[in-house]
Every structure is written in C-alpha cells, then in structure tokens.
K.L.:
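Got a structure for you, written out below as structure tokens; questions coming shortly.
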Protein chains: 2
Amino acid sequence: MLHDRAFPLSELRLFASARSAGKTTETPYGTKTIEAFTVDAVAECDIALLAVSGDFAKEFAPQLAARGVTVIDNSSAFRYDDDKPLVIPEINPDAVGDARIIANPNCTTAILAVALWPLHKAFGLKKVIVSTYQAASGAGAEGMSELEDQARAYLDTGKADNKVFAHPLPFNLIPHIDAFQDNGYTKEEMKVTWESRKIMGIPDLALSCTAVRIPTSRAHAESAVIEFARPVTPDAARALLADAPGVKVVDDPAAKVYPMPLNASGKYDVEVGRIRQNLVFGDHGLELFVCGDQLLKGAALNAVQIAEVVLDRRGESLRRSA
Amino acid sequence: MLHDRAFPLSELRLFASARSAGKTTETPYGTKTIEAFTVDAVAECDIALLAVSGDFAKEFAPQLAARGVTVIDNSSAFRYDDDKPLVIPEINPDAVGDARIIANPNCTTAILAVALWPLHKAFGLKKVIVSTYQAASGAGAEGMSELEDQARAYLDTGKADNKVFAHPLPFNLIPHIDAFQDNGYTKEEMKVTWESRKIMGIPDLALSCTAVRIPTSRAHAESAVIEFARPVTPDAARALLADAPGVKVVDDPAAKVYPMPLNASGKYDVEVGRIRQNLVFGDHGLELFVCGDQLLKGAALNAVQIAEVVLDRRGESLRRSA
C-alpha cells in the first residue's frame with residue numbers, strides 16, 4: 001500500500017516477534033529482513049504502522065510515542081480515548097493535530113462513514129440503521145483460509161468445520177462478530193456506533209448495527225437506511241456522492257450494476273449504490289448499499305492515508321533527529 | 001410435506017407439462033406416474049397445490065376454481081387481489097373464508113411475518129426496517145445447483161460463472177432479487193412490504209426492505225429493526241415469541257446460540273434471536289434476527305398449512321361431488 005500510494009519513505013523497516021525475526025520477505029522496496037520488535041529499534045523510525053493486538057498496542061504505542069514516533073494503530077486500543085484522534089482522512093484529517101498516537105478505525109465503520117459523510121454535510125444525519133454482510137478477511141488471513149478450505153470440505157463431504165469462526169462459515173452465515181456486550185449488541189456492532197459518532201463529530205447520532213459474517217472473502221457490504229434532518233432525494237444524494245472523495249457511485253440497476261464484493265475487492269473506493277427514497281422515512285429518508293475492500297479502506301489504505309496526512313501537516317518537523 | 005404433516009388425503013395426483021407426463025417418481029404414498037396437466041384432470045381433485053409461474057396460475061387457477069377446486073397458489077399472481085386471501089395460518093387463517101383461490105405468500109415475507117405477528121399484537125408495529133440474507137433456493141433447484149457447481153469452479157480456477165443468477169454468487173453477494181421497480185426497490189423488496197400489510201391487516205405499515213442474495217443454500221435470514229407504538233422490552237418479546245406458533249426462540253448469545261441457516265434448514269419453525277433493545281428507537285424499539293427454511297415455511301409448509309385450514313373449515317363440504 002505504501003508503494004502503491006508512492007508514499008515518500010526513505011526507508012521501510014519491518015518488525016515482528018522474535019519468532020519471525022531474521023526471516024526475509026519480498027517487497028516493492030527489495031528483499032527485507034524482518035527485525036525483532038524492540039522499542040529501541042522502532043524508536044529510530046518517524047512513523048510506526050501497528051498491525052498488532054489491542055493489548056500489544058496498549059503496552060507499546062505509548063512507549064513509542066514518548067520516544068517521538070508517530071504511531072498509527074490499527075487495533076481498537078485507543079479509538080475511544082478522548083485525547084487520541086480516530087481518523088478517516090476524507091472526513092476529519094484535522095483531528096490528527098499533533099497527536100503521536102492516531103487510531104485507524106474499524107473496517108465496517110470506515111466503509112460506511114466515507115459514504116455517510118457527504119450526505120451528513122448536506123442533509124444532516126438523524127437516524128442510521130445498518131445491517132452488514134462481512135467477509136472472512138475480517139478474521140485475518142486464517143479466516144480467509146478457513147473459508148476456502150472448509151468450502152472445499154463442505155462440497156466434498158457435506159460437512160464443514162471451524163476453528164477461526166464461531167461456527168462453520170461456508171454456505172452459512174454467523175450473526176456474531178466480536179464479543180457480546182451487556183446490551184445485546186456485539187462489540188463489532190457497537191464499534192460502528194461509537195466510531196461513527198467520534199469520526200463525524202456527532203456525539204448523539206442514533207445509529208444501530210447488526211453485524212453478520214457471510215461466506216465472502218475480503219469485501220464488506222452494508223445495507224443502510226438513513227433518516228435526515230432535512231429533505232433528501234436520491235438524485236441529490238447521487239450527485240453529492242459522485243463528487244465525494246473515497247467513494248464511487250455504482251448505481252445503474254437497469255444494467256444490473258450495484259455494489260458487490262466481486263467488483264469492490266481490490267479497489268480503493270467504496271462502492272455506493274441501490275440509492276433510493278426510503279419507504280419508512282419518506283422524503284427525509286434514503287436507503288443505500290455500500291461495499292468496500294475490508295483490507296484496503298477497511299484497514300491498510302486508511303492507515304497509509306493517515307500517514308500521508310501526518311507527513312503533509314508536519315512536514316519537516318517529522319524528522320525529530322533533524 | 002403432505003406426508004410429514006399426515007395430511008388426510010385420499011389420493012395424491014401429480015401433474016406437470018406434457019414433457020414430464022408418463023415419468024414416475026417415488027413418494028411416501030408409493031410410486032406415482034406424473035400426469036399431463038389439463039383442467040379436466042385436475043378438476044377431479046378437491047385441492048390443487050400450484051407450484052407454477054404466475055402466468056400459468058393466472059390462466060388456469062380461475063378455470064380450476066370455476067370447476068370447484070380449491071387452489072392454493074405459490075406464485076405472486078393473486079397475492080395483491082383484494083378478493084383473494086393471502087394467508088399465513090399462524091396469522092390470518094380466517095381470511096381463507098370460502099375462497100376458491102388462496103395465495104401462498106412470498107418466502108421472505110412468511111419467514112418475517114410469523115415472527116412479527118405476536119409482537120404486533122402486543123406492542124403495535126409502527127416502523128419495520130429489514131435487510132435480508134437470502135439463499136440460492138429462492139431461485140429454484142437450478143439456483144442451488146449453480147451455487148454448488150460454481151463454488152467448485154471458483155475454488156478450482158478462481159472464477160465462477162452464472163446463468164440463473166444475475167452475477168456469479170459463490171463468495172459474492174447480489175443485492176438484486178426479482179425486477180427493479182420505478183421507486184428503486186426490487187419487486188422482491190416490495191413484496192415484503194405489500195404482503196406484510198395484507199397478511200397482518202395493517203394497510204399503512206411503514207416497512208422497507210433490502211433484499212440480498214448470499215451464497216447459502218436454502219434458509220433465508222433477515223435482520224429487522226422495529227419501532228412499536230408502545231414500549232417494549234427484549235424479555236417481554238422473548239416470552240411472547242416463546243409461546244407463539246411457528247417460531248422458535250434461539251437466543252443465547254453467551255453460548256453462541258442465534259439463528260443460522262446451518263440450523264434452520266430443514267426445520268418447520270422460524271428461528272428468532274439476537275433480540276435486543278434497539279439503539280435508534282430506544283424503549284419503543286427492538287432489533288432481531290430471523291432465519292427460516294425457504295422451502296418449508298417459505299413455501300411448501302405454509303401451502304400445506306393452508307390446505308389444513310381449508311380442510312378444517314370446510315370439512316364435509318369440500319367433497320363437491322358428495
């Protein structure tokens with residue numbers, strides 16, 4: 001992603017656990033040897049992109065930040081800290097400020113929010129009701145492998161097994177992602193509520209989500225019904241979204257064109273389609289369907305976009321040793 | 001289904017096109033020879049269960065009814081006729097009346113409505129927002145075969161093809177079922193609105209639906225957010241649903257128990273779970289997830305249940321020749 005975006009890095013260094021240290025991996029910047037993670041070693045970098053567990057991030061991100069590293073963290077460890085920005089560059093780049101720890105949002109939130117934001121600015125979000133269709137990649141590379149392997153097993157034997165997922169996923173769905181909370185929602189569902197509020201700066205936004213894992217590989221889809229403060233039309237929404245960064249209007253039903261994982265996978269832009277006046281909320285209501293790559297806008301792309309904002313805003317001052 | 005329900009039939013006769021006539025098929029009532037469909041032949045029966053296209057039903061159901069046959073039609077041909085009942089026996093059995101043509105509802109509607117009805121009676125439905133996760137079986141046996149065959153092809157070659165569906169379905173989803181209407185909704189989505197209103201007798205019910213085909217075989221799932229006229233609690237809803245016919249509460253998240261196609265397939269009851277107070281509608285709102293067998297409550301089971309109502313209500317008079 002750094003190479004695809006032509007991120008102007010002087011050196012790429014890769015860190016992992018002691019178990020992986022010493023292994024080599026091919027990158028667009030040449031063959032790289034993986035180094036063992038230590039605070040001292042990573043502290044030599046300007047920017048650290050963390051793709052680690054929340055517990056690891058909680059322990060080490062503050063230590064790196066104290067040493068002057070700008071940490072962009074993909075875990076949920078810091079997303080709800082009032083003093084840590086949670087950033088989608090198309091929405092709230094200014095929130096980056098001079099923070100040394102910046103949180104990268106939940107994938108489902110990022111894919112939805114980038115489509116909601118231009119509509120919010122124009123019409124004012126009032127209520128948002130979301131149901132998701134989430135890919136196996138949300139559970140990591142192991143999740144993607146389990147889906148493929150167990151789909152094969154199911155086709156051969158009529159039975160599928162599970163280790164990564166709570167139940168067999170092929171030819172099934174699982175309405176359970178992350179831990180259940182006291183209010184009956186899962187943490188994944190509440191992340192969409194909490195993070196959408198923080199990123200868009202609407203602390204009282206009424207948003208509910210049902211998060212469902214389905215047997216797709218790496219693009220999440222979401223159905224959203226929205227009530228706005230002001231009247232809205234599908235045409236006006238389509239025109240706004242057509243000009244919005246990070247989204248692509250894919251909405252020509254007569255030609256069987258609408259967002260689908262088949263097309264959204266591997267793309268930077270979140271696809272938005274099935275835009276129609278919602279039957280429940282009438283002229284203040286809109287219904288739409290979004291689909292975005294869980295590994296790109298839902299993770300790596302957004303993290304690198306945050307790094308671009310950091311570079312853009314801090315420029316020369318980033319090189320602490322300068 | 002007739003045999004499973006011990007329907008007290010004196011004789012089962014099977015009709016199809018001239019192309020299939022003369023073929024034999026094994027049934028729980030013995031080996032049956034398929035007869036060519038003619039009005040004269042079918043008019044010898046008391047009840048005709050039609051599983052044919054809407055066009056065929058429109059042409060022949062009235063002719064059969066005129067000959068005294070009670071027709072239970074699985075197509076959408078008569079569902080919106082004011083003088084034809086559209087029946088889910090758990091909800092509106094009395095609507096059967098003395099009608100000679102009775103419509104069997106859309107599968108997605110039947111699976112949802114059977115869970116909504118007990119809640120409506122207690123709390124009053126006001127707004128219902130639905131997103132569906134629909135199985136390949138909704139497109140017939142060809143749809144189920146295409147999903148399996150193309151899943152194999154995808155796993156072997158990385159590519160899937162499509163004939164039955166508008167796009168390849170394995171490891172994908174398709175937010176498009178039935179034809180698009182002028183208002184941007186598909187006919188499948190509007191069926192859920194129109195049929196729910198008629199069956200439950202709430203002509204102004206505000207209900208919207210996003211209907212999505214996903215790569216599952218034969219059970220439809222649906223996410224529903226509901227605003228009620230009166231305050232509601234998840235516990236009260238759970239207690240009501242536990243006593244309601246046709247539904248089974250499957251709602252123990254801590255034990256990873258919730259509705260899933262894996263378990264709902266082959267079952268008569270519609271599974272209801274993930275019951276929680278909805279964040280958007282507060283103490284008047286509920287959110288839940290349902291899953292039911294598209295071929296059973298979504299089709300054959302409901303049709304045979306209608307036949308049971310007919311038999312129960314008309315008893316002796318059914319035998320017109322008597």
Side-chain angles (χ1 to χ4, degrees), chain A residues 127-133 135 147-148 151-152 154-155 160 166-168 170-176 180 183-186 190 193 206-210 212 214-217 221 223-225 227 234 253-254 256 258-262 273-282 285 287 289 291, chain B residues 127-133 135 147-148 151-152 154-155 160 166-168 170-176 180 183-186 190 193 206-210 212 214-217 221 223-225 227 234 253-254 256 258-262 273-282 285 287 289 291:
Chain A
K127 296 186 173 79
V128 185
I129 290 167
V130 185
S131 293
T132 74
Y133 303 72
L147 173 60
E148 282 215 9
R152 258 180 244 278
Y154 181 88
L155 290 168
H167 300 274
F171 304 95
N172 192 27
L173 61 74
I174 309 171
H176 171 190
F180 281 99
N183 66 359
Y185 286 87
T186 61
M190 292 310 302
T193 300
L207 184 153
S208 70
C209 178
T210 292
V212 180
I214 68 163
T216 52
S217 293
S223 149
V225 169
E227 186 189 30
K256 300 183 188 175
Y258 25 71
M260 291 194 303
L262 188 65
R274 297 292 326 269
I275 300 166
R276 56 209 194 275
Q277 198 94 55
N278 174 257
L279 285 174
V280 168
F281 294 117
E287 187 150 1
F289 199 74
C291 191
Chain B
K127 296 186 173 79
V128 185
I129 290 167
V130 185
S131 293
T132 75
Y133 303 73
L147 173 60
E148 282 215 9
R152 257 180 245 279
Y154 180 89
L155 290 168
H167 300 273
F171 304 96
N172 191 28
L173 61 76
I174 309 171
H176 172 191
F180 282 98
N183 65 359
Y185 287 87
T186 61
M190 292 310 303
T193 300
L207 184 154
S208 70
C209 177
T210 293
V212 180
I214 68 163
T216 51
S217 292
S223 150
V225 169
E227 186 189 30
K256 299 182 189 175
Y258 25 71
M260 292 194 302
L262 188 66
R274 297 292 326 268
I275 300 167
R276 57 210 193 275
Q277 198 93 56
N278 174 257
L279 286 174
V280 168
F281 295 117
E287 188 148 2
F289 200 75
C291 191

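Numbered from 1 within each chain, the chains take letters A, B, ... in sequence-line order. Predicted model, so just to flag it, every value in this text is computed and none were measured.
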K.L.:
Under 4.5 Å from any heavy atom of chain A, what part of B/Leu262 do you find: side chain, backbone, both or neither?
P.N.:
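Both backbone and side chain of B/Leu262 come within 4.5 Å of chain A.
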
K.L.:
Heavy-atom distance under 4.5 Å to chain B: side chain of A/Cys291, backbone, both or neither?
P.N.:
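No part of it gets close to chain B.
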
K.L.:
Side chain, backbone, both or neither: which part of A/Ile129 has a non-hydrogen atom closer than 4.5 Å to chain B?
P.N.:
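Side chain of A/Ile129 only, per the 4.5 Å heavy-atom cut-off to chain B.
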
K.L.:
Output all residues satisfying side-chain contact (heavy atoms from CB on, under 4.5 Å) with A/Pro215, sequence neighbours left out; order by chain, then residue number.
P.N.:
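Partners of A/Pro215 by the side-chain contact (heavy atoms from CB on, under 4.5 Å) criterion, ordered by chain and then number, come out as A/Leu147, A/Leu169, B/Pro215.
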
K.L.:
Non-hydrogen atoms of chain B under 4.5 Å away: do they reach the side chain of A/Gln277, the backbone, both or neither?
P.N.:
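Only the backbone of A/Gln277 comes within 4.5 Å of chain B.
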
K.L.:
Which bit of A/Tyr185 comes within less than 4.5 Å of chain B, counting heavy atoms only: side chain, backbone, both or neither?
P.N.:
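Both backbone and side chain.
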
K.L.:
Mind checking whether B/Met190 and A/Leu279 have side chains closer than 4.5 Å, heavy atoms only?
P.N.:
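They are in contact (side-chain heavy atoms under 4.5 Å apart), so the answer is yes.
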
K.L.:
What part of A/Leu207 gets within 4.5 angstrom of chain B, counting heavy atoms only: side chain, backbone, both, or neither?
P.N.:
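It is the backbone, since no side chain atom gets that close.
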
K.L.:
Using a cut-off of under 4.5 Å on heavy-atom pairs, state which of B/Lys127, B/His176, B/Arg274 scores highest against chain A.
P.N.:
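Most heavy-atom pairs within the cutoff with chain A belong to B/Arg274.
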
K.L.:
So do B/Asn183 and A/Arg276 actually touch side chain to side chain, heavy atoms under 4.5 Å?
P.N.:
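Not in contact.
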
K.L.:
Taking the side chain as C-beta and beyond, is there a heavy-atom pair between A/Ser208 and B/Val225 under 4.5 Å?
P.N.:
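Yes, close enough: below the 4.5 Å cut-off.
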
K.L.:
Parallel, tilted or perpendicular: which describes the rings of A/Tyr258 and B/Phe180, with under 30° parallel and over 60° perpendicular?
P.N.:
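Because their plane-to-plane angle lies in the 30° to 60° range, the rings of A/Tyr258 and B/Phe180 count as tilted.
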
K.L.:
For B/Thr132 and A/Tyr133, which heavy atoms make the closest approach, and how far apart are they?
P.N.:
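So the minimum-distance heavy-atom pair works out to O-OH, 2.8 Å.
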
K.L.:
Contact part of A/Thr193 toward chain B, heavy-atom cut-off under 4.5 Å: side chain, backbone, both or neither?
P.N.:
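The side chain, not the backbone.
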
